[in-house]
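Keep in mind that what you see is a predicted model, and the values were worked out from it rather than measured.
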2 protein chains.
Amino acid sequence: MSEEKENIQFQLTDELIEQVEQLIAENHDKELQLLLDEFHYADIAEILDELDLEEATYVIKLLDSETTSDILMELDEDIREKVLENLSAKEIAEEVEELDTDDAADMIMELPEERQEEVISNIEDEEHKAEIEELLAYDEDTAGGLMAKELVKVYETWTVAGCMRRIRGQAKDVTRVHSIYVVDKQEKLIGRLSLKDLIVAKSETKIADIAKDNVDYVNVNDDAEDVAKVMSKYDLEAIPVVDDNQALVGRITIDDIVDVLKEEADKDYQLAAGITGDVDAEDSIFELTRARLPWLFLGLVGGIGAFLIMEGFQESFKQYAVLFFFTPLIAAMAGNVGVQSSAIIVQGLANDDVKGSVNSRLIKEMLLAALNGVILALFLFLFVWLTKDQTTALAISVSLVVVIIVAGLIGTFVPLFLDKRGIDPAIATGPFITTSNDIFGILIYFWIAKLILNI
Amino acid sequence: MSEEKENIQFQLTDELIEQVEQLIAENHDKELQLLLDEFHYADIAEILDELDLEEATYVIKLLDSETTSDILMELDEDIREKVLENLSAKEIAEEVEELDTDDAADMIMELPEERQEEVISNIEDEEHKAEIEELLAYDEDTAGGLMAKELVKVYETWTVAGCMRRIRGQAKDVTRVHSIYVVDKQEKLIGRLSLKDLIVAKSETKIADIAKDNVDYVNVNDDAEDVAKVMSKYDLEAIPVVDDNQALVGRITIDDIVDVLKEEADKDYQLAAGITGDVDAEDSIFELTRARLPWLFLGLVGGIGAFLIMEGFQESFKQYAVLFFFTPLIAAMAGNVGVQSSAIIVQGLANDDVKGSVNSRLIKEMLLAALNGVILALFLFLFVWLTKDQTTALAISVSLVVVIIVAGLIGTFVPLFLDKRGIDPAIATGPFITTSNDIFGILIYFWIAKLILNI
């Protein structure tokens, strides 16, 4: 055993990329293999993300499929798609053979439909093939879409000794043994065991006597997000999946859940910023436009609405043109308050953290907005009073308080309403709430100002 | 083994809470214990979150500390704090004895300083006490703050048989054995083993011969966020922690990382919405005001800035009062574009996904914003041309394109700049970017309009 350690803090340097590119250009395959052998597959994937398509494909074809299958799964999705286009169906099937069933199914899912069949027919291991085909049948947003077929299963009638013998066989296919699942003759899940329990037990003991019967599980059709919530709530590192007959069909591990949680958080964050459809900084200008333009268009329509309102009040406020100069302020405050209150609700809903009735929620937000509004209005009053006159100051400040309260109520109500209707409340934050609050805010502002100024 | 399964989808009903409240009111301790025994500690915590403080304390004092310690850790932080206030230092110490060292240290950290010492001195298990005191010394945002002392450690000179014997002892304290860590005589981490490897190996084999030497690890002073990134990148379920002498001092498990990732995502989401300091929907109006008001105040200052700009241009645009009515539109578009582009960058930075130079990034955003801007400006041009006149339409539309480009560039540049300076770029989204873009947007709009209208 050497004294050297893996350096966990892998640094992707320009020198390293240049070195790899040069080795490829000069066809120094042996040296390239030796160099890449030092790195974790996730690090090699980072290197390949930086290379051009021909170079990346070159590396994938050079290394053995045990390593490249893992590298492929770690690649940026767009790059993986292109690299796979450069591989034959047989080559892809070889990669798929090396992957766990869940990753294998994911990789095949990403292929164009006409290639999927071709790749599957090239898988040589019949059992692996059948398992992958089973997984492909599930919706990717369900427990079935997340689970892998790799797991360690024992029958309740076995003894500890017999169990240990057979586990040695099964465990070879399973990267990490979290729990050993106990089933009855009908394959029904009836309990679980840890390796620790097995090691501690006497060899002639029957499995039925040491298995724990309080085994958590999910149904194969359960929503992926719900599975993630359950696993993180109960701190589970793996959970068995059963079908409608309670038969054990698969296992979901925590690393898949980490991905689900990250995707969910990224999606909500993007929605709040007015971006739809999972894009990232590296996507093309066309993809980014498609993700951003609809929300901007909404903002444009809102802006035209604000214009029409202001034009409508033009005659009334001839003597008070200064009022128009405060519309950006009113619109900004209405938007900010709306985003704040909706974000708190959206996050609370995501964390199952919103308690009490809609009414009590609205009353709390009203008090909160009123408190914030009064504090802010006092400053605004002072500013306008000192630079203009007292009546204008009063009209603007009172309006601000009302606008902030209404904005807070809209921001609270809309996500709660959407959630009740089964619509993702996350769309309520961002441009949707700012645009509607801009319009309501300006409208309320002019009405109240008109009232106070007695026009 | 019974045929009944845990129902993973626990439903917190009003009936259940009423039932618990009634049992407490009537002091039916036995029945209450029987009822709660059915539930997972995380579910009991959800029930307690709904009870009032006296009731929650009653339940905590009723159940045994093996269960209540886990319940306490799952409670809402505010509620845990209050329940702990109702417990004596000795009672808290009993709870702490039942917890793993990492949770124990976290619980003690939350206590007021004067109580911390008192609780620690009441811990009876001297080893547990020493370990907790060691953990309390680390910053909570570092690997040391996340790690637990519970782990399974073997010396390279042991045999497999000796190892199995001693592991049976150590493993009792460890909820889940992920990896067995191999150390040399100086306690230096030199390798790892899985239980599977041990089971498969012959009993007289030396540990040094079967240990894998490519063990990933982190330093005790590494940043918690970096540890989370490393563990999710390499799909690790546990990682050993070493000190500066490479000595094994602890272990971090994936469930702690799930919490770090969630907190990080929640924090970024809140910052984007203009909320500082980890609040949730259940916090008090005062706490929520403190989290929201500073950002609203920023918006107010921005609005006053916009007012001053508009007033400054009042004389110039006497003949074109209609231009003022488009300021909310311009401000909204500038804000939306800025939030979109900054969100993409902030997310890309968080995922280590932003490649290439700042310049290439800015050029890409410029092209993207120009494309979006031209499409939107065409619509706006048509609208203003049809309702007003061609020159006004031209002035407003051209301004819109320029404003969108500038807003996109600011939204791209600011988070990149903050990140380079070591400041969390997440603060750049939300009110910060919308406020500055409002002002720049309106200023640019008037300048360009003035130019085109030849005033």
Side-chain angles (χ1 to χ4, degrees), chain A residues 1-2 6 8 42 168 171 177 190-191 195-196 200 208 211 213-214 216 230 232-235 254-255 258 265 269 272-275 280-281 285 288-289 292-293 296 299-300 303 306-307 310-311 324-329 331-333 336 339-340 343-344 348 353-354 367-368 371-372 376 431, chain B residues 1-2 6 8 42 168 171 177 191 195-196 200 208 211 213-214 216 230 232-235 254-255 258 265 269 272-275 280-281 285 288-289 292-293 296 299-300 303 306-307 310-311 324-329 331-333 336 339-340 343-344 348 353-354 367-368 371-372 376 431 438:
Chain A
M1 205 158 23
S2 95
E6 297 275 285
I8 192 79
R168 280 177 198 149
V177 180
I190 54 171
L195 268 185
K196 209 174 84 182
V200 176
D213 62 355
N214 62 339
D216 294 320
V230 162
S232 72
K233 175 178 166 188
Y234 296 117
D235 276 349
I254 185 89
D255 51 317
V258 169
Y269 188 78
I275 302 168
D280 64 51
I285 288 182
L288 285 166
T289 296
R292 289 167 56 163
L293 197 57
L296 293 179
L300 189 77
F307 159 76
M310 288 167 83
E311 215 186 17
F324 289 108
F325 302 160
F326 282 103
T327 44
L329 184 149
M333 299 309 284
N336 286 351
V339 168
Q340 286 181 335
I344 291 265
D353 214 21
V354 176
L367 293 172
L368 176 62
L371 176 62
N372 285 338
L376 294 165
Chain B
M1 203 159 24
S2 94
E6 296 275 284
I8 191 82
R168 280 175 200 151
V177 180
L195 269 185
K196 208 174 85 184
V200 177
D213 62 355
N214 61 339
D216 295 320
V230 162
S232 72
K233 175 177 166 189
Y234 296 117
D235 277 349
I254 185 90
D255 51 319
V258 169
Y269 188 78
I275 303 167
D280 64 51
I285 289 182
L288 286 166
T289 297
R292 287 166 58 163
L293 197 57
L296 293 179
L300 189 77
F307 159 77
M310 287 166 84
E311 215 187 17
F324 288 108
F325 302 160
F326 282 101
T327 44
L329 184 149
M333 299 309 285
N336 286 351
V339 168
Q340 285 181 334
I344 291 265
D353 213 23
V354 177
L367 293 172
L368 176 62
L371 176 62
N372 286 338
L376 294 165
D438 275 9

field: Set of side chain to side chain contact (heavy atoms under 4.5 Å, CB included) partners for A:Ala42, sequence neighbours left out
entry: A:His40, A:Glu74, B:Lys233, B:Tyr234
field: chain B contacts, top residue of A:Val258, A:Leu293, A:Asp280, A:Leu296 (heavy-atom pairs, under 4.5 Å)
entry: A:Leu296
task: Counting only heavy atoms closer than 4.5 Å, note whether B:Asn372 contacts chain A via side chain, backbone, both or neither.
output: both
- prompt: Pick from A:Thr327, A:Val339, A:Leu300: which one has the most heavy-atom pairs with chain B under 4.5 Å?
  reply: A:Leu300
query: Do A:Pro328 and B:Met310 touch side chain to side chain, with heavy atoms closer than 4.5 Å?
result: yes
message: If you count heavy-atom pairs within less than 4.5 Å of chain A, which of B:Ile254, B:Leu376, B:Leu288, B:Ile344 leads?
response: B:Leu376
message: Are A:Phe324 and B:Phe324, when compared by the centres of their aromatic rings, separated by less than 6.0 Å?
response: no
Partner set under side chain to side chain contact (heavy atoms under 4.5 Å, CB included) for B:Ile285, not counting sequence neighbours: A:Lys364, A:Leu367, A:Leu368, A:Leu371, B:Thr289
